[in-house]
Every structure is written in structure tokens, then in C-alpha cells.
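Here the structure comes first, spelled out in C-alpha cells, and everything after it is commentary.
What you see is a predicted model, and the numbers here were worked out from it, not measured in a lab. Here is how names work: the chains are called A, B, and so on, in the same order as the sequence lines, proteins then strands, and each is numbered from 1.
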Number of protein chains: 2
Amino acid sequence: MTRSTLEAAVAANHELFMQTGDRIEAVLAEHGLTPATAQALWAIDPDQAPPSMKTLAGRLYCNAPNLSFVMNQLTDRGLVERSADPADRRSRVVALTDDGRRVRAAVIEATLALTPFARLGDDELRQLVDLLGKALDPAPEGA
Amino acid sequence: MTRSTLEAAVAANHELFMQTGDRIEAVLAEHGLTPATAQALWAIDPDQAPPSMKTLAGRLYCNAPNLSFVMNQLTDRGLVERSADPADRRSRVVALTDDGRRVRAAVIEATLALTPFARLGDDELRQLVDLLGKALDPAPEGA
DNA sequence: AGGGATTGGTTCGAGGCTCGAAGTATCTGG
DNA sequence: CCAGATACTTCGAGCCTCGAACCAATCCCT
């Protein structure tokens with residue numbers, strides 16, 4: 001039966017997520033971050049073009065007011081900076097500060113050290129990422 | 001490098017969790033449930049002995065006051081019943097009502113229909129559950 | 001048996017998270 | 001130029017989570 005296997009997959013994914021969150025809680029607090037702010041910080045890749053608020057809200061599955069609230073905290077904390085997008089001045093793009101880059105890297109580092117996924121070997125991990133990717137991709141037809 | 005693969009695994013796990021939560025939001029609302037109450041309801045398996053508050057709190061990675069708060073909502077909603085454990089009357093065990101069983105089943109059914117994991121085939125799903133299980137098990141030495 | 005320490009739950013109050021409604025600034029199409 | 005749409009913010013309400021304080025039952029040690 002696929003059904004019980006599917007339920008097991010959802011349950012295991014949930015459990016892993018909760019355990020990871022639980023384990024990094026203390027590290028986040030050390031950096032003055034909450035789960036919500038840490039998640040938002042993680043979502044800003046310093047190697048990509050700074051995303052707009054709208055883009056970020058989609059990425060985080062939250063709405064605009066919520067993201068404004070969270071971004072205000074990160075701004076107050078000096079980890080990100082908002083600036084108007086010259087191409088469309090309604091839009092505001094969010095960029096990491098130097099401090100933001102450092103804290104983000106530290107949070108990711110700590111997470112990778114503490115997450116239960118770290119238990120898996122290299123091959124298993126690759127296999128796992130492949131499977132999770134298949135679940136996520138809507139239609140991975142070749143470009 | 002394991003590092004980037006590990007990061008991808010954590011990110012995919014997070015993304016899958018968020019997407020699943022996002023998609024079942026409306027169904028939960030139809031049943032008068034919030035994310036927190038739904039999660040708690042899910043955690044009570046009707047085929048197992050009714051868990052104590054302490055057991056449930058551990059299962060949900062929350063503390064006692066929080067669980068009391070959530071359980072009050074489920075109780076008010078008529079989905080669970082609390083009763084003293086005869087073996088240790090400090091402890092209170094939580095059992096699903098008939099209605100609770102029905103709603104729980106409906107929520108799980110809807111989740112399995114909507115989760116991105118449903119995209120995967122039977123073999124992939126089994127493989128995935130196996131990998132996630134390996135990450136979770138602290139030490140799966142044979143009994 | 002008696003009494004202090006421990007444990008399981010609850011209540012209460014504070015603070016964080018999320019959302020809908022309303023408002024401002026900017027862009028777009030006619 | 002103006003009406004409508006879009007990106008964002010502010011505000012207020014409600015939900016979620018936690019620590020502190022409290023109660024009741026159990027345990028342990030003498």
C-alpha cells in the first residue's frame with residue numbers, strides 16, 4: 001500500500017523538521033534570532049541578486065505584513081538593509097549586511113552540525129536530496 | 001563535498017514541510033483546526049494506548065503549558081477527552097473521541113492527497129522513508 | 001509512618017508570530 | 001491625465017509559545 005508509506009514519509013519529514021528546529025534553538029538565541037527571523041535570514045542567499053519583499057514572502061510562504069514585521073527586526077538588528085529597486089520604486093530589495101552574511105553563515109553552519117541529516121553518509125544524502133527534489137519539482141522537463 | 005548536499009537536504013526538508021502546511025491550511029480551517037491543534041490531533045494515534053500530556057509534549061517538542069493550551073482547544077471542540085491515569089493519578093491521559101477519530105482521519109487523508117510527496121512512486125517513497133528513518137534512528141541496533 | 005524533594009499538570013501573564021483591513025507610493029493602460 | 005493595479009507599510013486582533021508560580025500526587029529516606 002502506498003498510503004501508509006506516504007503517511008510515514010510525511011510524518012518522518014515533519015519529525016526531522018521539528019528535531020532540527022529544536023536543536024538549533026539555542027544557537028539562534030545566541031545570535032539574537034528567533035525561528036522566524038532566522039528562517040528569513042536563511043532565505044536571503046548572498047550570492048544571488050537581493051530579492052524583493054514580494055519574492056521573499058513567496059519563498060517563506062507568508063504574506064506581506066508578516067514579512068515587513070520580520071524584516072523590521074532584522075533591520076533593527078543590523079543584519080539586512082532595504083533599498084528601493086531603481087527599476088520599480090514601489091519594490092524594495094533586501095540585501096544582507098556584512099554582519100548579516102556572517103550571522104547567516106554561522107546559523108547554517110550550526111544547523112548542518114546539529115541536524116539529524118548529518119547522520120547520513122555521502123551517498124545516502126545524495127540519494128535523499130534527489131528524492132526530495134523529485135517531490136518538489138512540479139515538472140522537471142529538460143529546458 | 002558533503003556540506004552542500006547536507007545543506008540541500010535541510011533546505012528541501014524545510015521546503016517540503018512548508019509546502020505541505022501551506023496546502024492543507026484551508027482543509028484545517030474547514031474542520032475548525034489551527035496548525036497547532038491539527039498537529040496535536042495527528043500525534044494521537046487511536047490505535048495506541050492514550051498518551052499522557054508529558055508524552056505528547058515530548059512528541060510535539062513543546063512544553064507543558066503550551067500543550068495544556070492546545071489540548072483545551074481540542075477538548076472544547078469535543079475532539080479529545082482527558083482522564084486521570086489510574087496508575088499514576090498525577091498524570092492525565094488524552095484519548096480521541098469518536099468525532100476526534102473522524103476529524104483526524106479526514107485531516108490525514110487530505111494531507112496525503114495534497115502533500116508534494118504524493119508525487120513520488122511507490123518504490124521511491126519506500127526508499128525515501130528508509131533514508132529518513134536512518135536519519136532519525138539514534139542507534140537502530142537489532143533488539 | 002512522616003516529611004521533604006520530585007514529578008505531572010494547570011493557570012497566568014508576557015512576548016512573539018501571523019493575518020486581514022486600511023493607507024501610501026508607484027506603475028500601467030487607455 | 002486619470003482609473004485601476006501593484007508593492008509595501010502600519011495597525012489591530014488573534015493565535016502560539018514560553019517562564020513563573022501554583023496544586024496535587026508520588027517517591028524516597030529515615
Side-chain angles (χ1 to χ4, degrees), chain A residues 14 17-18 21-26 28-29 31-44 49-77 80-95, chain B residues 14 17-18 21-26 28-29 31-44 49-77 80-95:
Chain A
H14 185 282
F17 179 79
M18 295 300 282
D22 188 56
R23 293 185 186 186
I24 64 173
E25 197 181 1
L28 299 186
H31 289 287
L33 294 173
T34 62
T37 50
Q39 190 183 345
L41 190 65
W42 191 313
I44 304 172
S52 69
M53 294 290 281
K54 181 186 173 67
T55 303
L56 266 181
R59 211 175 275 177
L60 296 170
Y61 298 93
C62 72
N63 58 11
N66 188 359
L67 187 58
S68 276
F69 175 80
V70 172
M71 277 307 148
N72 283 340
Q73 294 174 245
L74 286 176
T75 306
D76 292 348
R77 187 87 181 54
V80 307
E81 274 172 356
R82 269 182 282 205
S83 55
D85 179 353
D88 180 348
R89 294 203 339 230
R90 288 171 303 183
S91 182
R92 312 193 123 234
V93 296
V94 183
Chain B
H14 185 282
F17 178 81
M18 294 300 283
D22 188 55
R23 293 185 188 187
I24 64 173
E25 196 182 1
L28 299 187
H31 290 285
L33 293 173
T34 62
T37 50
Q39 191 182 346
L41 191 64
W42 192 312
I44 304 174
S52 68
M53 294 291 283
K54 182 185 172 71
T55 302
L56 266 180
R59 210 174 276 176
L60 296 169
Y61 297 93
C62 72
N63 58 13
N66 188 359
L67 186 58
S68 276
F69 175 79
V70 173
M71 278 306 148
N72 283 339
Q73 295 174 244
L74 287 177
T75 307
D76 293 348
R77 188 87 180 53
V80 307
E81 273 172 355
R82 269 182 282 205
S83 55
D85 178 355
D88 180 347
R89 294 204 340 231
R90 288 172 301 183
S91 182
R92 313 192 120 232
V93 295
V94 183

Gap separating the CH2 atom of W42(B) from the NE2 atom of H14(A), nearest 0.5 angstrom: 8.0 Å

side-chain N/O Q73(A) vs dG16(C) OP1/OP2, d < 4.0 Å: no

Residues in ring-ring contact (aromatic ring centres under 6.0 Å, His included) contact with F69(B), at least two apart in sequence or another chain: none

Between dT7(C) (P) and L67(B) (CG): distance, integer Å: 19 Å

Side-chain touch P50(A)/V94(A), heavy atoms, less than 4.5 angstrom: no

Summary of protein contacts for nucleotides 18-23 of chain C, nucleotide by nucleotide, where a base hit scores B, a sugar-phosphate-only hit scores S (4.0 Å, heavy atoms): BBBB--

Listed partners of A40(B) passing side-chain contact (heavy atoms from CB on, under 4.5 Å), at least two apart: L60(B), V70(B), M71(B), L74(B)

Distance, rounded to the nearest Å, where L28(A) contributes CG and dG16(C) contributes P: 15 Å

DNA chain C-proximal residues of residues 53-60 of chain B, any heavy atom under 4.0 Å: M53(B), K54(B)

side-chain hydrogen bond (donor to acceptor under 3.5 Å, both in side chains) partners of R89(B), counting only residues at least two apart: none

Spacing of R92(B) atom CZ and S52(B) atom OG [to the nearest 0.5 Å]: 12.0 Å

Stretch residues 83-95 of chain B: residues that reach within less than 4.0 Å of DNA chain D through a heavy atom: D88(B), R89(B), R90(B)

Separation of atom CG in N72(A) from atom P in dG15(C), rounded to whole Å: 19 Å

side-chain hydrogen bond (donor to acceptor under 3.5 Å, both in side chains) involving H31(B) - partner list, sequence neighbours excluded: none

Separation of dT11(C) P from M71(B) CE (nearest whole Å): 14 Å

side-chain hydrogen bond (donor to acceptor under 3.5 Å, both in side chains) involving S91(B) - partner list, sequence neighbours excluded: none

CG on L33(B) to CD on E25(B), rounded to 0.5 Å: 12.5 Å

Between the first and last five pairs of the helix from dA1(C)-dT30(D) to dG30(C)-dC1(D), the angle of the axes, rounded to 10 degrees: 30°

Residue-phosphate contact under 4.0 Å: S52(B) side-chain N/O, dG9(C) OP1/OP2: yes

side-chain hydrogen bond (donor to acceptor under 3.5 Å, both in side chains) pairs, two or more places apart, involving residues 66-76 of chain B: N72(B)-R82(B)

dG9(C) OP1/OP2 closer than 4.0 Å to side-chain N/O of R82(B): no

With P51(A) via side-chain contact (heavy atoms from CB on, under 4.5 Å) - residues at least two apart: I44(A), T55(A), L56(A), R59(A)

side-chain hydrogen bond (donor to acceptor under 3.5 Å, both in side chains) against D88(A), all qualifying residues, sequence neighbours excluded: R90(A)

